[in-house]
2 protein chains.
Amino acid sequence: MAEHLNINTSTVSRALSEKSSEMISPDVVKRVRKAAQEMGYKQNAAAYALKMGSTKTIGMIIPDLMNPVFPPIIRGIQSVLDQYGYTAFLAYSENNEGTAHTEVERLISRGVDGIIYAAAFRTDSVVDLCKSQGIPLVLVNRVVDQGDVDTVKVDDSLGIKMAVDHLLDLGHRKIGFIAGPKNISVSYIRLRAFTRTMAEHDLEVEPHRIVEAHALSEAAGEQAMSVFLGQNPDATAIIASNDLIALGCFTALKQFGYTCPKRMSIVGFNNMPYLDWFATPLTTVSIPHFQMGERSAELLLKRIKADNVDYNEEVLLKPKLVIRKSTAPLIASKKKSGST
Amino acid sequence: MAEHLNINTSTVSRALSEKSSEMISPDVVKRVRKAAQEMGYKQNAAAYALKMGSTKTIGMIIPDLMNPVFPPIIRGIQSVLDQYGYTAFLAYSENNEGTAHTEVERLISRGVDGIIYAAAFRTDSVVDLCKSQGIPLVLVNRVVDQGDVDTVKVDDSLGIKMAVDHLLDLGHRKIGFIAGPKNISVSYIRLRAFTRTMAEHDLEVEPHRIVEAHALSEAAGEQAMSVFLGQNPDATAIIASNDLIALGCFTALKQFGYTCPKRMSIVGFNNMPYLDWFATPLTTVSIPHFQMGERSAELLLKRIKADNVDYNEEVLLKPKLVIRKSTAPLIASKKKSGST
DNA sequence: ATGAAAGCGCTAACAT
DNA sequence: ATGTTAGCGCTTTCAT
């Protein structure tokens, strides 16, 4: 750059850098910085990356931007990244492990210093890929059977427990569960928490009370709920593995001519935006999306800095139950076959 | 890389590149590519960028990821970027020109080959910045007074015209408009289209029928709508500059004890997701978000390739009116003071 | 058809 | 306190 200040490039480099500017006479530092300012000098990121082996860049992989839970997570990540001069690439798994793997390879080729992966499957080749390439990796919201991975997640079991307790308090006993695909950790964990919590209350969950949706989506939820309603004419409440599935439940319910919450209470998971505006505002388990993003970025940055991949961390965040209008006490409709 | 094939790096480079692999004997090409595959060789993006002066990277600037209209735009952009081996950085303006400027500088320092800017103000220093730095720029959804910029936008005037015509068809005459900040092009254009369309029907819009919200947000909409209702007890319909403002209108309406659509019809703009689920599903102007993203990426890539910045293009997309339940014929409530 | 060498812009030894 | 130089990994002249 400013070599018409007739000084050497290395002096300039040193003057501009925070750490090494101390070696340079304050006077020169000032002159260089002023000149840089004036002529709008910007460090060439490619050259820096090539020389230093760090791009100050990370990759984020999410299933799908259209799922409203991810924007806040992303913002959380970026808010801390910004503070450290990092920038993020965004890629999508489309809920498909193969796609995720390909995307991670692309990101690695881009030279990212680390990866935040919010789409892991219970067994996922991405974690081995990152491990073998020495790329720091943190998992958000999903967990992997392999173990030994940095993770930021919410206490799903607690969330489900809160949902079940809420329903129990309202008097419901015949409670169903629409699970997500079992190769996704949250689906699995939430389902297990459901049966376990029920058991703690001496309530056995019969198999027909559980239906697995083939995806964590509205359409899959509708389909699964139809099946459920067909085989559970007596159920009075349902817990859905996430909000999108819960929406599908609403649709199926309507097709069966059932009303919510009168005939059937529904609780979701995630607390997606705008739920308050809905015709039947959904009771759901709220998770701190933004904070999850923040924590995962902090964790990743720590790993990148430390190069200390010996010990892994697991950050566990607490969910909250948001009670709205899709759940109601069991009374009227169940008088006849009251089970308490 | 594979120099234990004891061949020169340049041969490897040529063999791997699509264009120059023709100069190399097919046999060698095959061997090199196979080796690359096996050892998982990935081109170093930083070195490529430094040598070639192109990062195969672009920047996207949007106001805010939380606004649900942007995710589909982003996906549209990325879907075409992917096809050409480009990757995008995402940055936020927070609806603030200064922030946008800073972010653009950061992106330029990252070496992006071009920028897609979905947050322009009517006069915006970002376009001069890009122009002076020779960085291709395309504007999405917003327009700039400067002219001479590649743009992808929807026909806002047509959208508003459809909204007005719809209301008129329903018998409404006392129609109000909640505008957005006038330094944002869409606000300005939509407001102008409103008064103009009304005029075309020989309906004069008195000043008190128009209130400007200080942002394109729910809170600002609520505030503006309160003002509006205070000074327009006789209005029967309102057009909001976007859906978020329309939501704010709902809230204000409720505070005044008014119902929608019975007492007041409301139409929004954007057709954000999940509107069908709302207690009062909002009638709104739908715009092709995903397609806008695609077109803007195509346009940008074309500019990057061509280096031909002499002529600018303007892509104009058509909106569509989606009629839901927030608009209803003017009858019952207006019998007394019927104005037709 | 392939090798040798230069150079993209930067930082960090290594001089001085 | 500052200048000199080498080298990060790649592509591309220029040789051969």
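A note on names: the letters A, B, ... follow the listed sequences, proteins ahead of strands, and every chain is numbered from 1.
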Next item on the list: Go through the structure and list residues passing side-chain contact (heavy atoms from CB on, under 4.5 Å) with B:S125, not counting sequence neighbours.
Entry: B:E97, B:H101

Notebook entry, point to check: How long is the line joining CE of B:M23 and C1' of D:dT13, in whole Å?
Noted result: 10 Å

Next item on the list: Note down the inter-axis angle between the two ends of the helix from C:dA1-D:dT16 to C:dT16-D:dA1, five pairs each, to the nearest 10°.
Entry: 50°

Next item on the list: State which residues pass side-chain contact (heavy atoms from CB on, under 4.5 Å) with A:M66; sequence neighbours excluded, sorted by chain then number.
Entry: A:D64, B:P71, B:P72, B:R75

Notebook entry, point to check: Where along nucleotides 11-16 of chain C does protein come under 4.0 Å, by heavy atom, of base (B) or sugar-phosphate alone (S), with - for untouched nucleotides?
Noted result: BBB---

Checklist line | Spacing between B:E22 atom CD and D:dT11 atom P, to the nearest angstrom | finding: 16 Å

Notebook entry, point to check: Do side-chain atoms of A:T151 reach the backbone of A:V149 as a donor and acceptor pair under 3.5 angstrom?
Noted result: yes

Checklist line | Test ring-ring contact (aromatic ring centres under 6.0 Å, His included) applied to B:F89 - qualifying residues, sequence neighbours left out | finding: A:F89

Notebook entry, point to check: Expressed in angstrom and rounded to an integer, what is the separation of B:L16 atom CG from D:dG9 atom C1'?
Noted result: 13 Å

Checklist line | Pairs satisfying salt bridge (Lys or Arg N to Asp or Glu O under 4.0 Å), at least one member in residues 116-130 of chain B, at least two apart | finding: B:R122-B:D145

Item checked: Euclidean distance, atom CG of residue B:L50 to atom P of D:dG7 [Å, nearest integer] -> 16 Å

Check: If each of A:P26 and B:T11 is mapped to the nucleotide of DNA chain D with the nearest heavy atom, which maps nearer the 5' terminus, i.e. the 5' end?
Finding: A:P26

Checklist line | Test side-chain contact (heavy atoms from CB on, under 4.5 Å) applied to A:P63 - qualifying residues, sequence neighbours left out | finding: A:F70, A:S93, A:N95, A:A119, A:R142

Checklist line | Spacing between B:I24 atom CD1 and D:dT12 atom P, to the nearest angstrom | finding: 13 Å

Check: Among pairs that include at least one residue of residues 288-300 of chain B, which meet salt bridge (Lys or Arg N to Asp or Glu O under 4.0 Å), considering only residues two or more places apart or in two chains?
Finding: B:R295-B:E298

Next item on the list: For DNA chain C, determine which residues of residues 102-109 of chain B have any heavy atom closer than 4.0 angstrom to one of its atoms, and list them numerically.
Entry: none

Notebook entry, point to check: Is the shortest heavy-atom distance from the side chain of B:T99 to the side chain of B:Y92 under 4.5 Å?
Noted result: no

Checklist line | Atom pair distance, as rounded to whole Å: NZ in A:K42 and P in C:dC8 | finding: 22 Å

Check: In chain order, what residues pass the side-chain contact (heavy atoms from CB on, under 4.5 Å) check against B:S109, with sequence neighbours excluded?
Finding: A:K42

Note to self: Can you work out whether B:S25 or A:A47 has the more 5'-proximal nearest nucleotide on DNA chain C?
What the structure shows: B:S25

Next item on the list: Check ring-ring contact (aromatic ring centres under 6.0 Å, His included) between A:Y86 and all other residues, then give those that pass, not counting sequence neighbours.
Entry: none

Item checked: Residues that B:K153 engages under salt bridge (charged side-chain N to carboxylate O under 4.0 Å, His left out), provided they are two or more places apart -> B:E314

